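Working notes, beginning with the structure itself.
Note that the coordinates shown come from a computational prediction; the quantities given were computed from them, not determined experimentally.
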Amino acid sequence: MRIDKYLWCVRYYKTRNMATTACKKGHVKINGATVKPSRDVYATDKIEVRKDQITRHLTVLDIPPSRVGAKLVDIYRVDTTPKENFEHLELLKFSKDHYRKKGMGRPTKKDRREIDEYLDDNLDDDESNS
């Protein structure tokens, strides 16, 4: 089975076109080598998929006949992604919440209060430690 079809079948991509595009951009590797969308996948292959800013590591157990339900995905692959990758993703979500793009204008009243509260807390902590 082709790698783009396999990634679509085991629900890593919503459409096969998205899986093909990811392969063309170099986000998919099999056994450490970047592959084209037409590369065949076999049992025991190690796949690395870079998606949503984390690299997921998969081991192919079997080839599905067609797209499978979410409950049956574990029959065809083993996800060996380290937990540090998912923790990194959580940190990215928190940093995006508090990031203000350049040119977004002045802080709102709510933003200003949060900044003042944060600065007051840090000043109080510094004085108590001294």
Side-chain angles (χ1 to χ4, degrees):
M1 177 180 282
R2 293 169 50 116
I3 182 66
D4 59 344
K5 187 173 181 181
Y6 178 81
L7 292 173
W8 170 73
C9 285
V10 293
R11 300 183 164 269
Y12 274 91
Y13 289 98
K14 195 171 186 177
T15 63
R16 189 163 165 195
N17 189 26
M18 291 170 72
T20 304
T21 305
C23 291
K24 287 179 181 176
K25 288 184 177 180
H27 295 267
V28 179
K29 294 181 181 183
I30 296 178
N31 298 326
T34 305
V35 295
K36 293 181 178 180
S38 61
R39 166 72 154 68
D40 285 336
V41 178
Y42 303 104
T44 70
D45 277 346
K46 307 267 190 237
I47 301 174
E48 293 180 24
V49 180
R50 177 119 177 111
K51 185 179 174 195
D52 299 331
Q53 296 187 353
I54 63 172
T55 303
R56 300 172 191 267
H57 302 276
L58 316 171
T59 303
V60 179
L61 297 177
D62 197 10
I63 306 297
S66 62
R67 188 165 168 100
V68 295
K71 292 180 181 180
L72 302 176
V73 168
D74 291 332
I75 297 171
Y76 300 104
R77 60 102 176 129
V78 173
D79 194 350
T80 57
T81 308
K83 291 186 179 185
E84 295 86 39
N85 291 0
F86 294 109
E87 292 169 0
H88 178 70
L89 184 64
E90 290 296 321
L91 290 175
L92 282 174
K93 286 181 184 177
F94 287 127
S95 67
K96 285 181 183 177
D97 289 343
H98 298 292
Y99 177 71
R100 187 176 198 81
K101 291 185 180 177
K102 186 174 182 180
M104 290 290 295
R106 294 175 51 175
T108 62
K109 188 181 272 189
K110 180 181 179 187
D111 292 338
R112 186 77 235 163
R113 287 180 182 149
E114 288 176 355
I115 292 169
D116 289 340
E117 184 178 316
Y118 175 75
L119 292 175
D120 289 341
D121 288 345
N122 282 345
L123 289 175
D124 292 341
D125 290 343
D126 291 340
E127 290 174 3
S128 63
N129 289 339
S130 299

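Every residue was checked against the salt bridge (Lys or Arg N to Asp or Glu O under 4.0 Å) condition with Arg11, not counting sequence neighbours, and none meets it. A search for side chain to side chain contact (heavy atoms under 4.5 Å, CB included) contacts involving Ser66 returns nothing, not counting sequence neighbours. Qualifying side-chain hydrogen bond (donor to acceptor under 3.5 Å, both in side chains) partners for Arg112, counting only residues two or more places apart in sequence or in other chains: Asp116. Applying the salt bridge (Lys or Arg N to Asp or Glu O under 4.0 Å) test to Asp74 and every residue at least two apart in sequence or in another chain returns Arg77. Residues passing the side chain to side chain contact (heavy atoms under 4.5 Å, CB included) test with Lys25 are Thr21, His27, sequence neighbours excluded. For Phe86, the side chain to side chain contact (heavy atoms under 4.5 Å, CB included) partners two or more places apart in sequence, or in a different chain, are Ile54, Arg56, Thr81. Considering only residues two or more places apart in sequence or on other chains, Asp62 meets the salt bridge (Lys or Arg N to Asp or Glu O under 4.0 Å) condition with none of them. For the side chain to side chain contact (heavy atoms under 4.5 Å, CB included) test, no residue two or more places apart in sequence or in another chain qualifies with Lys71. For Arg16, the salt bridge (Lys or Arg N to Asp or Glu O under 4.0 Å) partners two or more places apart in sequence, or in a different chain, are Asp4.
Using a 4.5 Å cut-off on side-chain heavy atoms (C-beta onward), Pro37 and Lys5 make no contact. The closest side-chain heavy-atom distance from Arg113 to Glu117 is not below 4.5 Å.
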Check against side chain to side chain contact (heavy atoms under 4.5 Å, CB included), His88 and Glu84 | CA-CA 6 Å; His88 178 70; Glu84 295 86 39; over 6 Å; no
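Identified under the side chain to side chain donor-acceptor pair (under 3.5 Å) test for residues 37-52, with sequence neighbours left out: Asn31-Asp45, Arg50-Thr55.
For the residue pair Asn17/Thr20, the side-chain donor-acceptor check at 3.5 Å is not satisfied.
Alongside Ile47, the hydrophobic cluster contains Met1, Ile3, Tyr6, Leu7, Val10, Tyr12, Tyr13, Met18, Val28, Ile30, Val35, Val41, Val49, Leu58, Val60, Ile63, Val68, Leu72, Val73, Ile75, Tyr76 (criterion: ILVMFWY side chains under 4.5 Å).
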